[in-house]
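Since we're looking at a predicted model, the values are computed, not measured.
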Amino acid sequence: MALERGPSLTEQAADEIRIRIVRGALQLGESLSEIMLAKDLGVSKTPVREALMQLKREGLVEVHPQRGTFVFSMSPEQVGELSELRGILETAALRLALERNAAALVQSWAGTVGEMKAALSESDAERYRILDGAFHRTMFELAGNAYLLEAFTTIAFRVQALRNRLSLEAELNSTSFGEHEDLLRLARSGDATAAQALLVRHIEWTRSHYLAKLAGNGAPGQGTA
């Protein structure tokens, strides 16, 4: 494809490369060639180089001196640490959102859960994953704390990239969806303690399944979270 010429070729290049990483078109740890990307995107190397630096700041790209530029990769320990941070941030965001904007959270989640159900019924895996990410981001948008949202944004793309690399086995996705429905139910009832406990289990479920996938132990496909 060729990108349209305009004042923000760097941003366009970053957007396209980011999408390819998050969706799995570019694999974790894959070497990235500025020349090949520039040719593929129909731009010069300069906006591609600047785009890669932007993606490095987002944690999606790693630059290794004397070796080159690569899509980020994560060890089992790093996956565990990322999940731990995600749990800390998301439970805090859920608590604040329920305290400050409970009605808006319930309304937004209800709409998202409805769309997620439709996506599952239509076997639209990509749409389901996008909605899954939106479900979690809503907590931060309604928590009323810009710094908490900023902190989440620093890991959001990596979380989504890992989520998208889990297999999309329908039965396990159905289980994950059921937990989203339960979170909505608990939010409606105002039971913040139970909602936070479920959210912790929800994140841990994803962590353990992804680690099993990394270990290559033949575990079945995993759902999203």
Pairwise side-chain contact, Glu84 with Arg207, heavy-atom cut-off 4.5 Å (strictly under): no
Ile35 and Val48, any side-chain heavy atoms less than 4.5 Å apart: no
Pair Arg137-Leu149, side chain to side chain contact (heavy atoms under 4.5 Å, CB included): steps then yes or no: CA-CA 8 Å; Arg137 186 177 179 85; Leu149 175 58; 3.8 Å; yes
Worked verdict on Phe70 versus Leu32 for side chain to side chain contact (heavy atoms under 4.5 Å, CB included): CA-CA 5 Å; Phe70 302 83; Leu32 298 173; 5.8 Å; no
Within-4.5 Å side-chain heavy-atom neighbours: Thr153 and Phe140: no
Residue from Leu60, Asp40, Asp15 passing side chain to side chain contact (heavy atoms under 4.5 Å, CB included) with Arg20: Asp40
Expected output: side-chain Glu30 to main-chain Gln27 donor-acceptor under 3.5 Å: yes
Donor-acceptor pair, side chain of Asn101 and main chain of Leu142, under 3.5 angstrom: yes
Main-chain N/O of Thr91 paired with Gln196 side-chain donor or acceptor, under 3.5 Å: yes
Nearest-0.5 Å distance that lies between atom CD in Glu90 and atom CZ in Phe152: 5.5 Å
Heavy-atom check, side chain of Glu58 versus side chain of Arg158, under 4.5 Å: no
same_hphob_cluster(Val106, Phe177) at 4.5 Å side-chain heavy-atom cutoff: yes
Under 3.5 Å side-chain donor-acceptor pair for Glu62 and His64: yes
Ser108 side chain vs Leu105 backbone, donor-acceptor pair below 3.5 Å: no
Ile17 and Leu41, any side-chain heavy atoms less than 4.5 Å apart: yes
ILVMFWY cluster, Val200 and Leu85 together (side-chain gap under 4.5 Å): no
Glu126 vs Arg23, salt bridge (charged side-chain N to carboxylate O under 4.0 Å, His left out): CA-CA, chis, key distance, verdict: CA-CA 8 Å; Glu126 182 174 347; Arg23 292 182 178 175; 3.1 Å; yes
Side-chain heavy atoms of Arg86 within contact of His136, under 4.5 Å: yes
Check against side chain to side chain contact (heavy atoms under 4.5 Å, CB included), Leu183 and Phe135: CA-CA 10 Å; Leu183 283 167; Phe135 181 97; 3.9 Å; yes
His202-Asp182 side chain donor-acceptor pair, cut-off 3.5 Å: no
Donor-acceptor contact present, side-chain Ser8 to main-chain Glu11, <3.5 Å: no
Check against salt bridge (charged side-chain N to carboxylate O under 4.0 Å, His left out), Glu115 and Arg127: CA-CA 9 Å; Glu115 292 184 62; Arg127 177 64 176 159; 2.6 Å; yes
Gln107 CD: over 12 foreign heavy atoms closer than 6.0 Å: no
Residue pair Met53 / Glu50, side-chain heavy-atom distance below 4.5 Å: no
4.5 Å side-chain heavy-atom contact, Asp191 and Thr193: yes
Stepwise side chain to side chain contact (heavy atoms under 4.5 Å, CB included) check, Gln160 with Arg129: CA-CA 8 Å; Gln160 188 70 8; Arg129 292 196 301 266; 4.2 Å; yes
Spacing of Trp205 atom CH2 and Ser176 atom OG [to the nearest 0.5 Å]: 5.0 Å
